[in-house]
Amino acid sequence: MKMKQLVALFLSASISLAASLAFAGPDHAEFLKGPFKDGPSVTKACLECHDKQASDFIKTPHWLWKGPTKGHVRGYEHSKAEFGKTNMLNAFCVSVEGGPNQEARGHCTECHPSYFWNSKQFDLSDKTKIDCLICHAQKGDYGREDDKITEFADLDKAAASVSAPTLRNCGFCHFNGGGDNCVKHGDLESSLNTADRSLDVHMAVKAKGGQGFTCQACHVTKDHRIAGASTMMATYDGRVFCEDCHNGKNAPHQKSRNKAILNNHLKTVACQTCHIAYFARGKATRMSWDWSTVGKNLKIPPQEGRATFDNSKGTYSWARNVVPTYMWYDGTIKRYMKGEKIKDPSKPVIMTAPYGSINEKAAKIYPFKTYVGKQPMDAQYKYLSVFQQYKGLWDTLNWQKSLEDGAKGSGLPYSGTYKFVSTVSYIGQHHMIAPKEEALACGECHMGGTRMDWKALGYKGDPMKIGGRFAKQHIRK
Amino acid sequence: MKRIYSIIFCLSILFTGSLSLVNSAHADEIKMVGVITKIEMAADGKSATAILKDNKTSENVPISITDDLTLDKFKDHRIVEGDEIRCKFEKENNKNNSKLFKKTAGC
């Protein structure tokens with residue numbers, strides 16, 4: 001072969017390679033032949049070509065389960081401490097720290113992309129322990145069960161099938177937050193896998209009238225930093241707003257008859273408020289969880305077709321098509337943090353709530369899921385307790401023992417007496433955007449509409465009559 | 001030469017024998033991941049049939065369930081229609097008898 005020919009061949013080959021890379025990810029079946037004996041040996045193979053990605057990934061909150069608050073949590077603006085799932089409490093399974101050696105992590109690690117952070121000891125700098133497949137595998141029934149890869153998984157097939165994450169990949173953890181499908185969020189659950197436009201105008205595939213968005217279409221990801229803050233968590237890697245896309249020539253309501261009036265709302269009413277008229281539009285979501293009934297063998301009828309009692313976990317309630325709670329949110333949260341004293345246990349402890357008020361220009365009215373709980377607090381030391389549920393309470397139904405073991409893992413001393421306290425969490429709703437025809441009409445909020453509790457929001461009355469908060473004539477409360 | 005043939009012969013018998021042994025021990029155990037489209041309890045509550053839509057083929061596969069643990073979960077709605085299931089079953093007498101029936105999510 002002559003030099004020219006060689007060069008031409010090389011050129012065309014590299015062009016076609018580049019083209020295939022540009023339009024779809026490469027077929028990894030070529031790179032990953034296997035057979036793989038376990039998770040880390042897959043990761044080691046990935047690292048041969050993607051060491052940078054792994055080095056990036058181990059710096060993210062998805063790996064560390066903590067990070068700086070970056071001003072997200074009120075009262076912790078100047079704190080140098082890092083917070084996240086690893087050291088925060090919630091009103092679902094409460095904490096990952098229970099057990100003398102934090103054995104609770106053995107269950108919680110199902111949602112940590114590692115092989116396997118199942119006790120206190122885990123080397124967060126060991127890149128070969130990253131589970132790349134949970135976010136990237138498309139085939140081979142890949143999944144995690146507690147601190148194991150499910151025996152249903154075909155590792156070789158899974159490794160060969162990697163691509164950019166799909167809804168299902170992120171959903172493995174986020175649809176099942178709180179321990180089961182649709183428990184934690186009212187707007188993130190497995191119905192999204194097969195959504196049509198009426199359920200979600202963005203994530204439904206094009207054939208079903210949607211935009212075929214992946215999660216990262218909105219949660220833009222760079223160097224494995226997945227953008228988007230939670231109304232429950234302390235740290236984040238960048239924010240996501242509807243206006244990231246709906247701006248400039250894609251600004252909303254341009255052709256609308258009510259263009260001016262709708263856009264006049266945008267400084268005060270968040271997009272989500274008008275475009276998520278109801279949450280839990282797919283499956284029912286859990287609305288409450290009362291741990292105080294553990295061991296009581298109650299017989300209560302199901303709600304929305306789902307169990308309302310589990311002897312090892314307590315009592316639940318469920319609801320579908322729920323009208324959200326509307327609250328001011330300036331993008332920061334008030335959050336109960338581990339060890340904080342409870343001033344008045346006769347009132348619900350605010351686990352997490354949006355921060356903001358009518359007086360803050362940057363705040364807008366957003367929709368929330370109001371979720372109530374009941375969980376143990378230390379009767380003497382007056383803070384929420386950590387208890388060992390997994391390989392503890394769930395088997396023994398013994399509160400005293402599981403509270404003692406919770407204290408050992410969390411380092412939060414237990415006085416020996418506990419009582420149950422109510423909690424409330426306000427969880428942001430951002431997904432399952434309904435088709436434009438279902439956006440809230442004027443009368444839902446104004447002219448006697450009941451969605452907005454004007455007094456609670458700080459208005460003297462319906463702003464349609466008395467003017468909005470930026471109008472000159474409006475007199476604030 | 002004869003000896004070699006007979007050795008190969010013996011080996012192959014051993015080999016197929018061991019294969020069939022393995023087979024009979026796991027009489028066609030099939031693994032499947034799918035979403036429940038329907039649960040029907042028998043009137044006496046001692047068995048149930050769940051239809052699973054196979055994630056891979058989209059085929060509807062009826063699974064017979066007789067273990068108390070799973071039946072209890074059906075009765076108190078801890079497992080419901082719409083849940084994704086990891087199932088192992090064996091084909092026996094025209095039935096797909098469940099050997100393992102677990103949600104892919106949940107405690």
Side-chain angles (χ1 to χ4, degrees), chain A residues 92-93 104 107-108 110-111 138-146 150-154 157 168 171-184 189-191 193-194 282-284 286 297-313 316 318 389-391 393-394, chain B residues 22 25-26 28-41 45 48-61 63 65 67-90 96-107:
Chain A
F92 296 89
C93 287
H107 178 63
C108 309
E110 193 166 311
C111 287
Q138 306 310 327
K139 288 186 186 150
D141 289 328
Y142 188 77
R144 303 163 62 89
E145 284 179 52
D146 292 339
T150 170
E151 56 169 320
F152 282 63
D154 180 332
K157 262 197 197 149
R168 237 171 215 287
F172 179 83
C173 299
H174 287 290
F175 295 165
N176 299 312
D180 204 345
N181 200 6
C182 356
V183 168
K184 193 176 276 177
E189 46 101 347
S190 66
S191 303
N193 289 329
T194 52
K283 299 190 173 79
R286 191 172 294 175
N297 277 315
L298 304 179
K299 292 271 173 278
I300 345 175
Q303 259 178 343
E304 300 289 349
R306 296 197 65 171
T308 48
F309 181 73
D310 185 321
N311 205 37
S312 62
K313 304 198 178 77
Y316 317 128
W318 300 90
Q389 63 302 75
Y390 177 69
K391 293 192 173 158
L393 183 75
W394 287 344
Chain B
V22 169
H26 293 262
D28 280 344
E29 194 172 76
I30 302 171
K31 284 186 193 160
M32 180 174 109
V33 182
V35 174
I36 307 180
T37 56
K38 200 166 181 58
I39 298 174
E40 262 172 41
M41 292 293 294
T49 308
I51 313 283
L52 288 190
K53 189 170 172 189
D54 189 337
N55 281 358
K56 280 200 199 96
T57 62
S58 291
E59 239 172 275
N60 285 321
V61 183
I63 309 284
I65 291 115
D67 70 291
D68 290 340
L69 192 72
T70 311
L71 291 173
D72 276 352
K73 288 185 182 174
F74 287 167
K75 281 178 204 154
D76 65 17
H77 299 258
R78 274 177 291 160
I79 296 183
V80 298
E81 285 165 18
D83 284 343
E84 193 180 58
I85 300 293
R86 293 194 185 109
C87 176
K88 276 193 208 165
F89 60 91
E90 281 174 13
N96 301 321
N97 291 324
S98 161
K99 300 292 162 193
L100 181 110
F101 200 88
K102 258 168 55 179
K103 295 212 281 191
T104 51
C107 322

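Heavy atoms only: backbone and side chains are in, while hydrogens, waters and symmetry mates are out. Residue numbers begin at 1 in each chain, while the letters A, B, ... track the order of the sequences.
Side-chain atoms of Asp83(B) come within 3.5 Å of backbone atoms of Val80(B) as a donor-acceptor pair (strictly under, hydrogens ignored).
Neither side chain, Asn181(A) nor Glu84(B), offers a donor N or O lying under 3.5 Å from an acceptor on the other. Asp67(B) and Thr70(B) share a donor-acceptor pair across their side chains, judged by distance under 3.5 Å alone.
Only the side chain of Phe172(A) comes within less than 4.5 Å of a heavy atom in chain B; its backbone stays farther off. In this structure, the portion of Thr150(A) lying under 4.5 Å from any heavy atom of chain B is its side chain and not its backbone. Both the backbone and the side chain of Glu151(A) come within less than 4.5 Å of a heavy atom in chain B. In this structure, no portion of Ile79(B) lies under 4.5 Å from any heavy atom of chain A. Heavy atoms of Lys283(A) lying under 4.5 Å from chain B belong exclusively to its side chain. Neither the backbone nor the side chain of Lys75(B) comes within contact range of chain A; no heavy atom of the residue lies under 4.5 Å from a heavy atom of that chain.
Contact of the Asn176(A) side chain with the Val183(A) side chain is not registered, since no non-hydrogen atoms from C-beta on lie closer than 4.5 Å.
Heavy-atom pairs under 4.5 Å with chain B peak, among Glu110(A), Lys139(A), Arg168(A), at Arg168(A). For the set Lys102(B), Arg86(B), Arg78(B), Lys31(B), the count of heavy-atom pairs under 4.5 angstrom toward chain A peaks at Arg86(B).
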ask   = Should Arg286(A) and Asp180(A) be marked as a salt bridge (Lys or Arg N to Asp or Glu O under 4.0 Å) after you check the CA-CA gap, both sets of side-chain angles, and the distance that decides it?
value = CA-CA 10 Å; Arg286(A) 191 172 294 175; Asp180(A) 204 345; 5.2 Å; no
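A pairwise comparison of heavy atoms in Phe152(A) and Met32(B) identifies CE2-O, 3.6 Å as the closest pair.
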